[in-house]
Q: 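The structure follows.
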Amino acid sequence: MAATARALVAPGKGILAADESGGTIKRRFDSINATSTEENRRDYRELLFRTSGVAQYISGVILFDETIRQNGADGNPLVQVLVDQGIIPGIKVDNGTQPLPGASTELITNGLDGLADRLKEYASLGARFTKWRGVINISQSIPTRYCIDTNAHALARFAALSQEAGLVPIVEPEVLMDGDHSVDRCFEVNEATLREVFYQLAQHGVALEGCLLKPSMVLSGSSAAKRAGPEEVAEKTIACFMRVVPAAVPGIVFLSGGQTDDEATANLNAINKRAAAAGAPWQLSFSFGRGLQQAPLKAWGGKSENVDLAKQAFYHRAKLTSAARQGSYSPEMEKELSPA
Ligand code: 13P
């Protein structure tokens, strides 16, 4: 597991999150006026997985339950398409969120019941890593201690079960960027959340060497009047993580979380520059959903004649995100679209 975790954050590489649930992928398809049929979902994801050369930037892909069981247009399992490219298949194993009982607006993630059996099946289908997303919302009165504790506990239970099944857990406590909070408030919530997550991981006997952390960057709220730029985001993100993330964790793979793709890329780049200066002990990479898919989804537009354009857009985004992951991205690179 430690070797797989390290391979997922190999220099220059990061993860594509393509594990949108039925409701989420429908919303993404609605935005390009495409219908969310099983075949369309297959065609779209298959074009991403078949983008030639992208494996130099993408180490692994997180799949949704439907996709790990799906065959490509030629009848080959999509998992095999990834493996043939040299990309490691992974799987989202949580069942989404529901209101946290007894709390007014907070959420808890479902999916622990029966998880051990599902993990065995996913391993037999070729998955080598797993992901579970806990959601922490920010307002003046939340998150509550209760919300942080219950979500951290569920994340740790998931991580322990995954390792028992020989799968590398990606532990994702997402601090949402919705709201008008300051970057300092985001720092405080991330710090409290991560502190509890690592306490619970230790309580559950999780081997940190065989897991990855998928957090949010320390950002201003999306509707804040004055939003922090990349330098401040990087400074605060690294300061926060140096405080609470143990050095045994091989890598931190950020989610993009509703930032535009160029914003997420510029922030990741600044974070890597800052990390090098601060002597941060972990690989700082990406596990982007929207940050990698906005451009190819738009280029595809649900039309088979646009598959090559969509592949080019995905390749380009993966290349830029990989550069950012090494601190060598510049906004001028946004203008060059390299052929796939
Ligand atoms: P975003 O990068 O679009 O936030 O998605 C990553 C993810 O997997 C959220 O669970």
Side-chain angles (χ1 to χ4, degrees), residues 8-9 14-32 44-45 48 57-68 88-97 107-111 127 129-138 151 154-155 158-159 162 168-179 186 190 193 197 211-219 221-222 233 237 251-269 271 284-298 314 317-318 320-322 324-325:
L8 287 168
V9 290
I15 297 168
L16 165 67
D19 59 335
E20 299 83 4
S21 63
T24 303
I25 194 78
K26 182 176 180 308
R27 280 200 302 282
R28 305 274 189 269
F29 278 23
D30 285 348
S31 74
I32 53 161
Y44 170 63
R45 286 167 169 153
L48 299 177
Y57 310 124
I58 301 293
S59 54
V61 174
I62 314 174
L63 303 169
F64 184 57
D65 182 78
E66 173 183 271
T67 323
I68 201 170
I88 305 174
I91 180 82
K92 182 238 290 293
V93 302
D94 67 67
N95 288 337
T97 55
L107 300 170
I108 183 70
T109 304
N110 287 323
F129 68 98
T130 54
K131 183 196 97 172
W132 178 288
R133 173 174 175 259
V135 178
I136 307 290
N137 249 299
I138 300 184
N151 274 288
L155 279 162
F158 141 78
S162 289
V168 171
I170 297 189
V171 174
E172 180 182 4
E174 176 170 5
V175 175
L176 291 183
M177 66 186 285
D178 301 347
C186 181
N190 250 304
T193 302
V197 165
C211 72
L212 296 172
L213 175 68
K214 175 164 175 169
S216 311
M217 299 171 184
V218 175
L219 301 170
S222 51
V233 166
T237 300
I252 295 174
V253 290
F254 291 100
L255 57 92
S256 59
Q259 302 177 73
T260 59
D261 50 13
D262 54 343
E263 182 184 0
T265 310
N267 283 335
L268 180 64
N269 188 63
I271 286 171
L284 288 151
S285 187
F286 56 90
S287 173
F288 287 178
R290 286 161 285 180
L292 284 166
Q293 293 189 54
Q294 269 161 24
L297 184 69
K298 195 158 164 247
F314 178 50
R317 205 66 242 161
L320 266 51
T321 314
S322 161
R325 181 239 178 287

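Counting convention: from 1, in listed order, for ligands and their atoms alike.
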Q: Taking NZ, NE, NH1 and NH2 as the nitrogens, is one of them in Arg290 or Glu20 under 4.0 Å from a carboxylate oxygen of the other?
A: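 So Arg290 does not pair with Glu20 through a salt bridge.
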Q: Report the C-alpha distance between Thr97 and Thr109 in whole Å, list the side-chain angles of each, state the deciding distance to 0.1 Å, and finish with yes or no for side-chain hydrogen bond (donor to acceptor under 3.5 Å, both in side chains).
A: CA-CA 4 Å; Thr97 55; Thr109 304; over 6 Å; no
Q: Look up atom CD1 in Ile170 and atom CZ in Arg133, then write down how far apart they are to the nearest 0.5 Å.
A: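 Rounded to the nearest 0.5 Å, the CD1-CZ separation comes out at 14.0 Å.
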Q: Taking all heavy atoms of Ile58 and all of Val61, pick out the closest pair and write down the distance.
A: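 Closest approach of Ile58 to Val61, heavy atoms only: CG2-CG2, 4.2 Å.
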Q: Of all residues at least two apart in sequence or in a different chain, which pass the side chain to side chain contact (heavy atoms under 4.5 Å, CB included) check with Ser59?
A: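 Ser59 satisfies side chain to side chain contact (heavy atoms under 4.5 Å, CB included) with Leu8, Lys13, Ile15 once adjacent residues are dropped.
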Q: I'd like to know if the side chain of Ser322 reaches the main chain of Ala318, judged simply by a donor and an acceptor atom lying under 3.5 Å from each other, with no hydrogens or angles considered.
A: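 Checked: no pair found.
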Q: Write down, by chain and number, every protein residue that brings a non-hydrogen atom to less than 4.0 Å from an atom of ligand 1.
A: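 Within 4.0 Å of ligand 1, the protein residues are Ala17, Asp19, Lys131, Arg133, Glu172, Lys214, Leu255, Ser256, Gly257, Ser287, Phe288, Gly289, Arg290.
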